[in-house]
Amino acid sequence: DQQVKQNSPSLSVQEGRISILNCDYTNSMFDYFLWYKKYPAEGPTFLISISSIKDKNEDGRFTVFLNKSAKHLSLHIVPSQPGDSAVYFCAASNTGNQFYFGTGTSLTVIP
Amino acid sequence: DTGVSQNPRHKITKRGQNVTFRCDPISEHNRLYWYRQTLGQGPEFLTYFQNEAQLEKSRLLSDRFSAERPKGSFSTLEIQRTEQGDSAMYLCASSSEMQGPRTDTQYFGPGTRLTVL
């Protein structure tokens with residue numbers, strides 16, 4: 001049972017424009033959410049996180065939005081750069097010990 | 001700080017053989033996680049250690065799988081009697097308890113890719 005879902009397997013965006021990656025979850029007990037970026041042949045790299053007490057967290061070009069009522073979070077990248085091309089995973093946790101990952105969205109930023 | 005390292009990076013084995021992978025976490029991190037990732041999927045949680053104690057195990061971790069972290073530093077993941085379905089990327093991650101359970105940031109290693117023939 002997939003508790004964290006990323007329904008868009010791929011996304012293409014023009015350089016300089018906004019990239020919006022979406023993630024939905026089913027477990028209302030999740031209270032901590034993360035986004036990871038993964039390049040081929042490397043492990044995932046932490047990008048940004050948000051706890052359920054917030055609805056927005058910003059770090060440079062990256063902003064994560066959390067809508068608890070909709071069980072939805074999104075990652076905004078502005079402006080998008082070719083180096084952002086990678087697979088992006090969202091993850092969620094309710095205990096801090098076990099993390100559930102989505103299936104990933106492959107982002108391509110076109111120069 | 002050299003990050004999380006995993007060895008070997010690639011392992012090819014025949015069905016029925018045993019394999020063992022090693023993970024060296026970031027030195028000051030007391031939490032260590034093992035995940036499995038198959039093609040087109042995200043990482044799936046296998047097990048979690050805090051220091052040397054194995055505190056959580058996923059149902060995915062059948063009795064052919066065993067993980068240890070004997071001194072609270074490096075960890076090993078052993079798969080006995082490998083099956084073709086075990087073919088996957090095995091990822092290790094570590095984090096620091098000092099960050100607190102609600103702000104845990106896991107740092108991943110590059111993974112060990114297992115191919116079972």
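Throughout, a chain's letter reflects where its sequence line sits, starting with A, and its residues are numbered from 1.
- Between the CZ atom in A/Phe46 and the OG atom in B/Ser95 there is a gap of 11.5 Å [rounded to 0.5 Å].
- Counting heavy-atom neighbours within 6.0 Å of B/Lys11 NZ, excluding the residue itself, gives a total of 12 or less.
- Hydrophobic clustering (ILVMFWY, side-chain heavy atoms < 4.5 Å, transitive): A/Phe99 and B/Leu55 are in one cluster.
- Atom CD of B/Glu68 sits in a sparse spot, with 12 or fewer heavy atoms from other residues, nucleotides or ligands closer than 6.0 Å.
- In the hydrophobic clustering of ILVMFWY residues, with side-chain heavy atoms under 4.5 Å counting as a link, A/Ile20 and A/Val13 come out apart.
- Enclosure of atom CZ in B/Arg15 is not indicated, since only 12 or fewer non-hydrogen atoms of other residues, nucleotides or ligands lie within 6.0 angstrom.
- There is no path of hydrophobic side-chain contacts, each under 4.5 Å, that joins B/Phe21 to B/Phe74.
- Atom CD of B/Gln106 and atom OG of A/Ser93 lie 8.0 Å apart (nearest 0.5 Å).
- Against chain A, the residues from residues 34-45 of chain B that qualify, each with a non-hydrogen atom under 4.5 angstrom away, are B/Tyr35, B/Gln37, B/Gly40, B/Gln41, B/Gly42, B/Pro43, B/Phe45 in number order.
- Enclosure of atom CZ in B/Arg64 by more than 12 non-hydrogen atoms of other residues, nucleotides or ligands within 6.0 angstrom is indicated.
- Proximity to chain B at a heavy-atom threshold of 4.5 Å picks out A/Phe101, A/Gly102, A/Thr103 from residues 100-111 of chain A, in numerical order.
- Heavy atoms of B/Arg9 lying under 4.5 Å from chain A belong exclusively to its side chain.
- If you take CG on B/Leu46 and CD on A/Gln98, they are separated by 9.5 Å, rounding to the nearest 0.5 Å.
- To the nearest 0.5 Å, atoms CZ (B/Phe108) and CD (A/Glu42) are separated by 13.5 Å.
- Put simply, A/Trp35 and A/Phe65 are part of two different groups of oily side chains (I, L, V, M, F, W, Y) that touch within less than 4.5 Å, one to the next.
- Put simply, B/Phe65 and B/Leu32 are part of the same group of oily side chains (I, L, V, M, F, W, Y) that touch within less than 4.5 Å, one to the next.
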